[in-house]
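We use all heavy atoms of the structure for the numbers below, so side chains are in, but hydrogens, waters and symmetry mates are not. Every chain is numbered from 1 and lettered A, B, ... according to where its sequence line falls, protein lines coming before strand lines.
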Amino acid sequence: MRSLSLRLRTFAAAILALIIFVPTTVLTLEKAFNFSLSQSMQQQLKVQSLTLISEFEFDNGLVQMPEQLINEQFNLPGSGLYAFIQTDQTIVWTSLSSLNQAQLPLLTPPAVGDESFIDDFIWGERFFLFAYTAEFDTGEGYQAVSFFILQDKQIFDAEKAHFASILWKWLGLVALLMLVLLLVSLNAALLPISRLNKQIIQAERGLIKRIEQQYPPELERLKSSINHLLNSEEQQRSRYKNSLSDLAHSLKTPLTVLKGTQNLPSDADEPIQQIDQLIKRQLKRAVAGHAMSWDAQLQIEPILQKLVNAMHKVYADKHLKIDWQILPPEQYFLGDVTDLMEMLGNVLDNACKAAKTRVLCQVEAMGRWLLISVADDGAGIPAEKRLSLLSRGVRLDSYTEGQGIGLAVVADLVSAYQGKLEIEQSELGGARIIMQFPLS
Amino acid sequence: MRLMVAEDDSRLLTQLDQLLQKNGYSVDLADDGAKALFLLSEHPYDLAIIDIGLPVMDGFELIQQARKKSVTCPILILTARDRWQEKVEGLESGADDYLTKPFHNEELLARIKALIRRAAGKAHPLIEKGPLTLDTLSEEVTVNGQHIELTAYEYKVLEYLLLNPQKIVSKTELTEHIYDQDFDLDSNVIEVFVGRLRKKIDPDGSLNPIETLRGRGYRINREL
């Protein structure tokens with residue numbers, strides 16, 4: 001299963017946290033607000049009831065209340081604040097504000113000296129209900145009188161809804177702000193990783209040899225591990241190549257002595273030749289491309305220039321004209337410098353051996369392929385021989401010195417790079433060897 | 001022709017010494033890079049054969065140091081390391097050609113002759129001067145198409161003079177190029193070789209192929 005990116009993981013975690021956090025916060029705050037509002041309402045209604053009690057009088061056993069109460073809300077019909085006085089299961093007084101209201105059902109009053117508060121009392125609409133029972137001296141004894149005050153909940157509900165709407169808006173805004181901040185800080189936190197990633201890609205492409213930028217302490221260890229890996233890979237590759245080169249050296253010097261020995265039977269010459277070719281080809285195959293973990297981008301022109309200079313020196317007597325065309329001029333080869341030199345060197349060497357006066361090397365990028373061709377004006381390679389030179393299954397000892405072993409090594413190397421090798425008739429008259437390599 | 005061979009394998013060194021001496025070359029031997037550099041800076045060689053894998057100082061460094069010390073003789077690299085990267089490195093450090101081990105003795109001799117010829121500005125194995133023709137490959141000398149029998153030393157003297165036709169070659173220089181370093185130098189021997197050469201090439205004294213410049217040396221007659 002494909003692993004999610006760090007950015008996506010962190011973002012998903014943040015969204016999840018916000019989805020849980022914002023509604024929970026809203027609910028908690030709403031609850032706290034309602035409770036506080038309800039408490040405050042209870043206190044207000046208690047004060048109202050005390051005002052009523054202070055205005056209440058018994059006169060000859062009859063309830064006496066002023067026509068206009070101090071709180072105007074009690075005097076205005078439909079104001080939302082209503083008061084009732086009840087004695088002996090009878091409503092003995094109602095405030096002017098309840099003029100158009102339905103008859104209040106008989107309520108169970110609290111015990112004398114007690115108060116009760118109902119925060120959701122249904123009387124047509126929804127009301128807060130506060131009740132208090134006090135005892136009054138009627139002259140003939142004590143009479144329990146209950147005061148009921150009802151406050152319409154509409155205003156309260158509107159206030160609650162308003163609060164909830166503000167709360168949702170602001171918390172939504174805060175959540176959005178938090179997301180933006182999170183994205184910004186996430187980007188800032190992931191920036192070094194992205195830089196490291198870019199440098200690793202550059203190292204992969206061979207544009208840099210080491211990861212050198214400064215990184216946060218958490219990534220420094222990774223950076224030094226990658227550099228260590230790159231170092232040891234390079235050293236190992238170099239050790240491997242040198243060991244094989246030393247092996248070739250230690251095998252070939254005694255072989256040279258053997259070959260130069262006087263009075264050696266003439267039929268010993270062929271096996272010696274075969275041993276030599278086996279060493280040449282197998283050791284080159286062993287180092288070809290395999291040890292390479294990351295490709296390096298190699299500029300072709302400087303390498304070609306060196307090889308052409310070498311060819312001019314080696315084939316000075318032939319006065320060859322060796323030209324090259326590279327399109328585009330900065331064209332690169334993805335791979336190891338030793339391998340490129342080996343392939344180009346062998347093909348150029350063959351061409352110089354075969355050429356009469358001219359050798360032409362052309363390098364061009366065609367679609368996803370890099371084409372390197374070397375043509376000469378020599379005798380060419382007969383069509384029937386071309387296939388056998390290119391087939392990789394051909395027995396090693398069937399290669400002839402010069403044309404054969406060089407091309408066999410080239411064929412092995414080209415194949416190690418998933419490339420193709422072809423032989424054509426050149427426009428110059430001789431052979432044209434074409435090496436094709438995938439560009440990516 | 002005087003050659004210097006630097007090779008660390010004693011068996012191969014002996015073999016090369018024998019091969020080259022048998023083919024008429026004077027040979028000085030070195031089994032490490034430092035000795036080879038000393039020989040190259042002390043003696044005027046016609047060619048140096050240098051193995052890349054030398055102890056003390058490797059072949060690449062030896063060639064670079066020798067070229068810095070104005071050693072101009074052609075250098076043939078002998079190497080078992082046959083990767084092009086190493087060949088190019090060797091040629092860039094100042095060598096003129098390379099030969100990978102193992103090699104045929106004939107190929108080595110052909111390369112030596114070609115390099116000496118090339119250094120003398122002669123691309124072809126035949127050196128012609130008037131009626132005189134010298135084939136550096138077959139080591140044959142003819143005058144007006146007539147074959148002349150020469151001893152190895154007489155051939156060496158004539159070849160050296162013909163490869164340096166514009167130059168006055170002193171007896172010391174001739175001696176150095178014909179004999180090994182251990183040989184006791186005696187300039188009278190050169191006079192004897194030149195005298196014999198004159199008699200064989202020009203028995204009636206009409207050509208005067210080798211001029212004597214008194215107190216300075218010998219030169220091939222420019223009017224031939």
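Rounding to the nearest 0.5 angstrom, the gap separating the CG atom in A:Leu258 from the CD atom in B:Gln15 is 8.5 Å. In this structure, CG on B:Asp9 lies 8.5 Å from OG1 on A:Thr256, to the nearest 0.5 angstrom. A distance of 15.0 Å separates NZ in B:Lys87 from NZ in A:Lys313, rounded to the nearest 0.5 Å. B:Trp84 contributes atom CH2, which lies 3.0 Å from atom CE of A:Met311 (distance to the nearest 0.5 angstrom). Rounding to the nearest 0.5 angstrom, the gap separating the OG1 atom in A:Thr253 from the CD atom in B:Glu7 is 6.0 Å.
Counting only distance, with no hydrogens or angles, the side chain of A:Lys252 and the backbone of B:Thr79 share no donor-acceptor pair below 3.5 Å. A donor-acceptor pair under 3.5 Å is absent between the side-chain atoms of A:Lys306 and the main chain of B:Val88, judged by distance alone.
With a 4.5 Å cut-off on non-hydrogen atoms, B:Glu86 touches chain A through its side chain but not through its backbone. Residue A:Met343: no heavy atom, backbone or side chain, is found under 4.5 Å from chain B.
Heavy-atom minimum distance, A:Glu342 versus B:Arg83: OE1-CA, 3.2 Å. What you find for B:Ala114 and A:Asp317 is that their closest heavy atoms are CB-OD2, 4.1 Å. Scanning all heavy atoms of the two residues, the minimum distance from A:Val337 to B:Gln85 falls at CG1-NE2, 3.6 Å.
Other residues, nucleotides and ligands place more than 12 heavy atoms under 6.0 Å from the CD atom of B:Glu107. In B:Glu211, the CD atom is crowded: over 12 heavy atoms of neighbouring residues, nucleotides or ligands sit closer than 6.0 Å. Other residues, nucleotides and ligands place no more than 12 heavy atoms under 6.0 Å from the CD atom of B:Glu223.
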side-chain contact (heavy atoms from CB on, under 4.5 Å) assessment of A:Asn309 paired with B:Glu92 = CA-CA 8 Å; A:Asn309 288 346; B:Glu92 274 186 339; 5.6 Å; no
